[in-house]
Amino acid sequence: DQQVKQNSPSLSVQEGRISILNCDYTNSMFDYFLWYKKYPAEGPTFLISISSIKDKNEDGRFTVFLNKSAKHLSLHIVPSQPGDSAVYFCAARSNTGNQFYFGTGTSLTVIP
Amino acid sequence: EPEVTQTPSHQVTQMGQEVILRCVPISNHLYFYWYRQILGQKVEFLVSFYNNEISEKSEIFDDQFSVERPDGSNFTLKIRSTKLEDSAMYFCASTRLQAGETQYFGPGTRLLVL
């Protein structure tokens, strides 16, 4: 039951260019979305979030876009830096509970 | 900066044995969670805990699993009789208030069941 999907398992981007990570969801009850970054042997680290009442949230180099009609969100990183190389997880929460649903992650490699 | 800690970092056990994974959430946080990630797969929710009781659990969290907050700081996950398929990375997380807030994750415990 894959309610949150990240269809690209990996992405490579040149340093300085834009990285775009995508996430799709199926549950229309999801009202809060987050992006987490994960380095090997560490727990996920919160990056940025967006509520369903917004369509964009920006924090420095990171911007999350939400398209509710398409049930799609994306994370833009610009400019990409080698230190951004990590696995990025999209997560969503239903307005009916506490549970967060995670995607399978996208491994981003930023090439110097 | 406050952080969630977990012990041990790695645990190897024999199938059928009991394991207890420990977590110390951030001190002023009230909601606690366990997740697991089987190698190469997604992070999966196991259970959420608030006010000394389970508030939500997934279908993965069957009778073999239990959680406890034995004192004011620790939050534990017990697997009563481990199976091979319990091998995974187990993450503890906490939030200050109810979900809708960012969950802060610990570094994880890698459990290997032989």
Side-chain angles (χ1 to χ4, degrees), chain A residues 1-10 21-27 29-54 57 59 62 64 75 86-107, chain B residues 1-10 21 23-26 29-51 53-61 88-110:
Chain A
D1 177 17
Q2 193 88 357
Q3 297 198 49
V4 178
K5 300 178 189 178
Q6 293 176 258
N7 291 319
S8 298
S10 62
L21 297 102
N22 293 302
C23 178
D24 297 290
Y25 62 95
T26 56
N27 191 336
M29 303 298 281
F30 287 154
D31 67 347
Y32 188 65
F33 305 88
L34 307 93
W35 283 95
Y36 283 87
K37 178 178 176 179
K38 186 181 180 301
Y39 293 115
E42 294 184 14
T45 303
F46 170 74
L47 201 55
I48 192 168
S49 64
I50 188 166
S51 162
S52 60
I53 61 173
K54 294 187 173 182
N57 188 26
D59 183 3
F62 303 93
V64 55
L75 174 68
V87 177
Y88 289 78
F89 290 97
C90 168
R93 181 189 71 101
S94 168
N95 61 15
T96 60
N98 282 329
Q99 183 176 157
F100 280 80
Y101 297 84
F102 281 76
T104 50
T106 296
S107 178
Chain B
E1 185 171 320
E3 58 182 17
V4 177
T5 59
Q6 289 184 245
T7 54
S9 59
H10 294 79
L21 310 183
C23 168
V24 179
I26 295 174
H29 284 193
L30 300 177
Y31 286 81
F32 315 115
Y33 309 82
W34 282 102
Y35 290 84
R36 78 172 186 192
Q37 185 183 23
I38 295 171
L39 188 65
Q41 298 185 24
K42 64 179 178 178
V43 176
E44 299 173 292
F45 169 79
L46 293 178
V47 66
S48 61
F49 190 87
Y50 169 71
N51 200 25
E53 61 183 28
I54 291 172
S55 54
E56 194 168 350
K57 62 182 180 179
S58 71
E59 57 274 9
I60 301 169
F61 194 89
M89 194 77 166
Y90 287 81
F91 294 105
C92 172
S94 69
T95 57
R96 189 171 62 89
L97 297 172
Q98 207 185 25
E101 290 212 348
T102 302
Q103 294 185 339
Y104 291 86
F105 283 79
T109 294
R110 184 171 297 283

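Proteins get letters first, then strands, A, B, ... in listed order; numbering begins at 1 in each.
- Side-chain contact check for B:Val43 versus A:Phe89: some heavy-atom pair is nearer than 4.5 Å.
- For B:Phe45 and A:Phe102, the ring centers sit 6.0 Å or farther from each other.
- Checked against side chain to side chain donor-acceptor pair (under 3.5 Å), B:Gln37 has no partners two or more places apart in sequence or in another chain.
- Looking at residues two or more places apart in sequence or on another chain, you find a ring-ring contact (aromatic ring centres under 6.0 Å, His included) between B:Tyr104 and B:His29.
- In this structure, NZ on B:Lys42 lies 10.0 Å from NZ on A:Lys5, to the nearest 0.5 angstrom.
- Between the CZ atom of B:Phe105 and the NZ atom of A:Lys38 there is a distance of 10.5 Å, given to the nearest 0.5 Å.
- In terms of heavy-atom proximity, B:Phe91 sits nearest to A:Gly43 at CE2-CA, 3.4 Å.
- Nearest heavy-atom pair, A:Tyr36 versus B:Gln103, reported as atom, atom and distance to 0.1 Å: OH-O, 3.0 Å.
- Considering CZ of A:Phe100 and OG1 of B:Thr95, their distance stands at 7.5 Å, rounded to 0.5 Å.
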